[in-house]
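In the text below, chain A, chain B and the rest are named by the order of the sequence lines, each starting its count at 1.
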Amino acid sequence: MEFILLIKGLIILTIFALSLGIAAYETYFERVIAAYIQDRVGPDRAGPFGILQPLADAGKLFFKEDFIPTLADKGLFIIGPGIAMLTALMSSAVIPFGDTLLIKGQYIPVQGMDVNIGILWVFGIVSLGVYGILIGGWASNNKYSLYGAIRAASQNISYELAMGITLLSVIVVTGSLSIRTIVGLQHGIDWNIFYQPVGFLIFVTCSLAECNRTPFDLPESENELVAGYHTEYGSMKLGLYLFSEYVNMFISSAIIASLFLGAYNYPGMDFVHSFLTGKLGESFGHNLATVLGILVYILKIFFFIFVFMWVRWTLPRFKYDQLMNMAWKWMMPLSIVNLIIVAAAELSPYPLLFNYIGLAIFAFLYFGSRTVYNNKKSKL
Amino acid sequence: MQLTNRSKKTDKSDLSVLEKTYFPGVAKGMAITLKHFFSKKATIRYPEEKRYLGPVFRGHHILKRDEAGRERCTACGLCAVACPAEAISMVAAERVKGEEHLYREEKYAANYEVNMLRCIFCGLCEEACPKQAVYLRHDKFVPVFTSRDQVIYGKDQLVEDMDNRYTRDAWTKEDMQELWEKQK
């Protein structure tokens, strides 16, 4: 029992360090990707290829003046970035980074903790994340900060609806709230993205909005609100806000990859597993196969992080009315339709086929009715 | 009123249903940025990599030697006269017996200084020189300085190093024009 606790602790520590480390290097990737997209070379002065750039950035932030405005609510002002960071890091606890490790005849899952309501946990924590922004914006006692905070709150609420309904359609397919079970059901290449492509698109768009990233970065739109909710922040408090955004990005990528792309599942994993256990013995082979799965998962996460950044350096920011229209008039109805189609397909004998048939019927009805409507309108 | 026909008409018709989902536009934009992601970069890692600035770039001054390694400069002072910024000063001296391997003619510059704070790198000294002695290098900048006594460049910094001779594709304007003709 002692031994298992030790291994568990090690796994949790590794996951914690991993999510912090990846988030730190996301800042570097963001700058390099931005540079490459803009035909530049990017940061390359700190260490070989600029590898030490995140350290340099953090060092710079630590040495800056830690300023608190006179009229700010001092307690809340300090708590704000802390909450943002805390909530960002908490959700990584339930993400299944890999299958199981076989140590001394016992299977230990590579996961912080396997909660049977894992996905609800993530959603609860992510919703709490708005509090960090809201408290920071409110405590700053600055109208621009408050505007930013309010925008963040209303935007997150709007997009969480569509996101939640899309999530429901995933749960309808898998019948479980545990992320490990959801991932386990996507064995091999039986990934959810093939069962609900529309849900996948909605989920990715909503997670962009949830992370307050372009094209939905209205809470910190610098040409309207100075810097949004972190206008009054400086030094490492600002650093924590920016950092929590990157941690959130990592977590959302991990969630997208686990819900729709099967996390550590990859085609041919059974073959690899039996090959490795046959060659290297039961215990070591199994562990090596698990490590391979973890690498595959991290690859998927990095792909989505890249997509997040790629989108950021491509799309301009939406106007606020466009943002709200999209959330309530497009995402919401579409996710409900998706849920109905997925649920109906799940009752049919061939879920995959009937899903696409349902989508085709919906597209036909929708575009058909729009065309009829437009023709009638132009005749009038 | 239309002054030219160069302006492009903006399409202000209503978006189609497909366009309203933003997906075609987004896909188009993402394709463009992905293309740029893999394209050749416009900037370089400067101190490590340097660009070829062409044979006519006017950089660091150099006092050329001839093939036998003798200084060409005769301290005639035409460069100093031509210099609009009055950056050049020199002291002439007479060559004595035994110095024939050092100086090409009977008179030479014992002291030749360029004040880099005054120099505007116009290249008029190069044009004025009758002995093909002073040139502005195309491959080397005058480096940054941190104190004023580093700014006045004497003969030790200016005279050509025989082990590392300075060459360029075109020495005169006429050569340059020929080069351009060839490149066309």
Side-chain angles (χ1 to χ4, degrees), chain A residues 29 32-45 48-50 197-198 200-202 204-205 208 214-216 303 306-319 322-323 325-327 329-331 333-334 362-375 377-378, chain B residues 6-60 116 137-147 150-151 183:
Chain A
F29 293 140
V32 171
I33 288 170
Y36 269 62
I37 282 176
Q38 296 165 358
D39 288 349
R40 294 183 286 118
V41 178
D44 69 331
R45 294 293 109 179
F49 303 106
V198 175
F200 171 72
L201 283 177
I202 295 172
V204 170
T205 320
L208 279 174
T214 334
F216 306 105
F303 171 73
F306 174 73
V307 169
F308 272 49
M309 291 173 182
W310 181 16
V311 166
R312 169 162 182 192
W313 297 105
T314 304
L315 300 181
R317 189 178 297 131
F318 281 114
K319 283 191 296 178
Q322 287 173 327
L323 177 105
N325 275 345
M326 220 163 114
K329 293 187 187 167
W330 282 94
M331 299 286 195
L334 202 59
F362 169 67
F364 174 75
L365 283 179
Y366 180 75
F367 287 112
S369 62
R370 288 301 295 189
T371 322
V372 170
Y373 173 73
N374 282 344
N375 284 346
K377 204 167 75 172
S378 57
Chain B
R6 279 178 295 179
S7 63
K8 215 174 153 191
K9 266 264 159 40
T10 20
D11 181 14
K12 284 186 178 168
S13 58
D14 282 347
L15 297 180
S16 72
V17 184
L18 195 64
E19 280 168 339
K20 265 187 194 164
T21 62
Y22 298 122
F23 279 120
V26 168
K28 218 166 151 195
M30 303 269 276
I32 289 172
T33 43
L34 196 65
K35 203 178 76 200
H36 279 272
F37 187 84
F38 291 111
S39 70
K40 195 176 166 290
K41 302 302 160 228
T43 56
I44 52 168
R45 297 169 200 272
Y46 166 63
E48 292 92 36
E49 283 171 49
K50 279 177 184 149
R51 281 214 172 95
Y52 178 59
L53 296 164
V56 289
F57 181 79
R58 300 193 293 264
H60 196 290
M116 291 301 176
R137 302 183 70 132
H138 73 288
D139 55 351
K140 190 178 171 193
F141 291 128
V142 173
V144 177
F145 58 91
T146 49
S147 116
Q150 297 171 358
V151 177
Q183 277 170 359

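- Taking Lys329(A) as the reference, Asn325(A) meet the side chain to side chain donor-acceptor pair (under 3.5 Å) condition, with sequence neighbours excluded.
- Only the side chain of Phe318(A) comes within less than 4.5 Å of a heavy atom in chain B; its backbone stays farther off.
- The aromatic rings of Tyr36(A) and Phe37(B) lie tilted to each other, with the angle between the two planes from 30° to 60°.
- Of the inter-residue distances, the one linking Met30(B) atom CE with Leu315(A) atom CG reads 6.5 Å to the nearest 0.5 angstrom.
- Only the side chain of Phe23(B) comes within less than 4.5 Å of a heavy atom in chain A; its backbone stays farther off.
- Thr43(B) places a side-chain N or O within donor-acceptor distance of the main-chain N or O of Val41(A), the cut-off being under 3.5 Å.
- Residue Tyr373(A) places its OH atom among 12 or fewer non-hydrogen atoms of other residues, nucleotides or ligands, all under 6.0 Å distant.
- Using a 4.5 Å cut-off on side-chain heavy atoms (C-beta onward), Trp313(A) and Thr33(B) make no contact.
- No more than 12 heavy-atom neighbours from other residues, nucleotides or ligands sit within 6.0 angstrom of CZ on Phe49(A).
- Looking at Leu334(A), neither its backbone nor its side chain comes within 4.5 Å of chain B, counting heavy atoms on both sides.
- For Trp330(A), the part lying under 4.5 angstrom from a heavy atom of chain B is the side chain only.
- More than 12 non-hydrogen atoms from other residues, nucleotides or ligands lie less than 6.0 angstrom from OH of Tyr52(B).
- Atom CZ of residue Arg45(B) and atom CZ of residue Arg45(A) lie 7.5 Å apart, to the nearest 0.5 angstrom.
- For a residue to count as touching a neighbouring chain, one of its non-hydrogen atoms must lie under 4.5 Å from one of that chain's; by this rule Leu34(B) touches chain A with backbone and side chain alike.
- For the set Lys40(B), Lys41(B), His36(B), Lys35(B), the count of heavy-atom pairs under 4.5 angstrom toward chain A peaks at Lys41(B).
- Using a 4.5 Å cut-off between heavy atoms, Ile37(A) contacts chain B through both its backbone and its side chain.
- Note on Asp39(A), Val307(A), Thr314(A): by heavy-atom pairs under 4.5 Å with chain B, the leading option is Asp39(A).
- Residues that satisfy the salt bridge (charged side-chain N to carboxylate O under 4.0 Å, His left out) test with Arg317(A), not counting sequence neighbours, are Asp217(A), Glu222(A).
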